[in-house]
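A short worksheet on the structure shown next.
Only this structure's heavy atoms are used, side chains among them; waters, hydrogens and symmetry mates stay out. Every chain is numbered from 1 and lettered A, B, ... according to where its sequence line falls, protein lines coming before strand lines.
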Amino acid sequence: MIDINLLRENPELIKASQTARGADVSLVDKAIEADKTRRAKQSEFESLRAEQNAHGKLVAQAPKEQKQELVAQAKELSTKVKQLEAEADKAAELVSELMMKIDNVILDGVPPGGEDDFVVIKEVGQKTDFSFEPKDHLELGELLDIIDTERGAKVSGARFYFLKGAGAQLELAIMNMGLNLAVENGFTPAITPTLVRPETMAGTGFLGEHSSEVYYLENDELYLTGTSEVALAGLHADEIIDPEQPIRYAGWSTCYRREAGSHGKDTRGILRVHQFNKLEMFSYCHPDQAEQEHERLLGWQEQMLQACELPYRVIDVAAGDLGSSAAKKYDVEAWVPTQGKYRELTSTSNCTTFQARRLNTRFKTDGKTQPVATLNGTLATTRWLVAILENHQREDGSVYIPKALQPFVGKEIIEPKG
RNA sequence: GGAGACGUCGCAUAGUCCGGUCGAGUGCGCCCGCCUGCUAAGUGGGUAGACAGUUUAUAGCUGUCUCGAGGGUUCAAAUCCCUCCGUCUCCGCCA
């Protein structure tokens, strides 16, 4: 949720942000209007309630003979108060409804426009070039007997898979390497709940435009999370914390996504699946430090890509492709040889105070409380196997394991099944 | 799955039976003083949040709301009723 004071004091800034996102600008004026109405209604209600409260004290103290008359008056007051209260509540509801719809205000410099309007910040490494016809990750996975989508489909349906042997080890290797990096940098490792209550899911904003992406267990009124960000954001909900130093968590969890609306997209292999593992960074920090922290998160992501010896680029995602909570987002994309393009491996968002305001996570300064900033970023996911397999394949179908991962996998090469 | 107890202002607790004098007492902790070679003790005061109004003000003042959450009864609810959430104990069952 955006800051209501900003709405009152600088609506133009919010309008500009909405415009850059291609979002509804008229929401801003509607919200301002609704806010005015709300305040008027609230004052009206509160002053009459004050009268009622004062009168109530009179009733309590009055001698018996006067009580009946006073109670009769009180009844009248009570009806009026109830009516005004209902009006005030309705006005307040309208405000929050509109406020929820307004996206986070983008940071200066975020490129305007949609999905294709990103700006490339840098490209690192040489795009992998083969002297032979490279195989895609699924072909390799089957050749090496480490990815089995056919049996995944048999057991669970489309977009499910088995990772086996060195494939399973490789995934754990990436996760463990990421976790080590995180711990070295002061993160608290966390294994998080993947089923969460509606309030938690709503608090992180995933029930808005992404609601069709989320699995829901009706019998238990629980949602399956698509990222540990959900649980980590909920971790300090309704708390006052001390973010003098950023409070960092590295959350590992299995992630579940319905992938509704992406039928026919990336159907081959494990690029886009219903269930995968992810190691996610989550940072609570002072709002003044958020932009620096964002650069740090990006830095750690790049370290991971580099450790996996992958060619990649960093893009500054355009406003329209940000997601409602993010004020700025970087994607790190690895080169995927058989597709001839870069594909997203990690994403890091600076949500400024937007998410924390909704989740009510605050800190104290000079006796005042204000929302903290939250940031998140991927450190490793199952999808990385795609890039690793494809970029490090050799002509005979074997795959070289990057040096940094070797200790975790326990071998240097994955050989085709004999 | 069955039975029961409980959820109050940082922590611990009083208040709930018999609704108004309770936005709420006490102890501990913490903060500001006083006292005292230092410390401890003693002593006086303060010690939640959100929102609105007033205001140059995020100071002060005024008001409203919040006693796990949401509803209901009532002129009036921490207190009575209902639903939900959570914690604990006992029994049963079980990876």
Taking any strand in view, what nucleotide pairs with [N] in a Watson-Crick or G-U wobble way, both distances under 3.5 Å?
| N | answer |
| --- | --- |
| B:U36 | none |
| B:A57 | none |
| B:C75 | B:G20 |
| B:A5 | B:U87 |
| B:G70 | B:C82 |
| B:C51 | B:G63 |
| B:U26 | B:A12 |
| B:G92 | none |

Please give, in whole Å, the distance from [N] [atom2] to [X] [atom1]?
| X | N | atom1 | atom2 | answer |
| --- | --- | --- | --- | --- |
| A:F45 | B:C51 | CZ | P | 17 Å |
| A:E9 | B:U56 | CD | C1' | 13 Å |
| A:R362 | B:A48 | CZ | P | 14 Å |
| A:E46 | B:U54 | CD | P | 12 Å |
| A:R49 | B:G63 | CZ | C1' | 12 Å |
| A:D89 | B:U64 | CG | P | 16 Å |
| A:R39 | B:U64 | CZ | P | 20 Å |
| A:D238 | B:A48 | CG | C1' | 14 Å |

Worksheet item: Do A:F187 and A:W300 have ring centres separated by under 6.0 Å?
Response: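 Centroid separation for A:F187 and A:W300: below 6.0 Å.
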Item to complete: Would you check if the distance from the ring center of A:F363 to the ring center of A:H236 is below 6.0 Å?
Response: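 No: the rings miss the under 6.0 Å criterion.
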Atom [atom1], compared across [N] and [M]: separation rounded to whole Å:
| N | M | atom1 | answer |
| --- | --- | --- | --- |
| B:A78 | B:U21 | P | 9 Å |
| B:G71 | B:A5 | C1' | 24 Å |
| B:U26 | B:A14 | P | 15 Å |
| B:G10 | B:A50 | P | 14 Å |
| B:C28 | B:C84 | P | 41 Å |
| B:A24 | B:C85 | P | 33 Å |
| B:G63 | B:C80 | C1' | 29 Å |
| B:C18 | B:A77 | C1' | 14 Å |

Discussion item. Taking 4.0 Å as the cut-off, does a side-chain nitrogen or oxygen of A:R38 come that near to OP1 or OP2 on B:C51?
Written reply: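 Answer is no, no contact under 4.0 Å.
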Discussion item. Under 4.0 Å from OP1 or OP2 of B:G63: is there any side-chain N or O of A:N53 that close?
Written reply: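 Checking A:N53 against B:G63: no side-chain N or O falls below 4.0 Å of OP1 or OP2.
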Worksheet item: Backbone N or O of A:R159 within a donor-acceptor pair of the A:H274 side chain at under 3.5 Å?
Response: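 Judged by distance alone, no pair lies under 3.5 Å.
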Nearest-neighbour nucleotide for the [X] side chain, [options] considered:
| X | options | value |
| --- | --- | --- |
| A:K75 | B:G53, B:C75, B:C65 | B:C75 |
| A:Q52 | B:A50, B:G53, B:C75 | B:C75 |
| A:S78 | B:G63, B:C75, B:A50 | B:C75 |
| A:Q42 | B:C75, B:C51, B:G49 | B:C51 |
| A:A50 | B:C51, B:G49, B:U64 | B:U64 |
| A:A74 | B:C85, B:C75, B:A52 | B:C75 |
| A:R197 | B:U64, B:G53, B:C85 | B:C85 |
| A:K82 | B:A52, B:G49, B:A76 | B:A76 |

Worksheet entry | Over 12 non-hydrogen atoms of neighbours within 6.0 angstrom of CG in A:D108 |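 Count not over threshold, so no.
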Item to complete: Determine whether more than 12 heavy atoms belonging to other residues, nucleotides or ligands lie under 6.0 Å from atom CD of A:E415.
Response: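 Atom CD in A:E415 is packed in, count exceeds 12.
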Discussion item. Could you check whether A:T382 and A:K278, counting side-chain N and O atoms only, form a donor-acceptor pair closer than 3.5 Å?
Written reply: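 No - no donor-acceptor pair under 3.5 Å links their side chains.
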Discussion item. Classify A:R357 by what it touches in the nucleic acid, base, sugar-phosphate, or nothing, heavy-atom distance under 4.0 Å.
Written reply: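 Since no nucleic acid heavy atom lies under 4.0 Å of A:R357, the category is nothing.
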Discussion item. I want to check something: taking the side chain as every heavy atom from C-beta on, are A:R343 and A:V386 in contact at a cut-off of under 4.5 Å?
Written reply: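 No, their side chains stay 4.5 Å or more apart.
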Worksheet item: More 5' along RNA chain B: A:E85 or A:E199, using each one's nearest nucleotide?
Response: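 In this pair, the answer is A:E85.
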Discussion item. My understanding is that only one of A:E412, A:M177, A:E309 makes a side chain to side chain contact (heavy atoms under 4.5 Å, CB included) with A:P402; could you say which?
Written reply: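 For A:P402, the side chain to side chain contact (heavy atoms under 4.5 Å, CB included) check succeeds only for A:E309.
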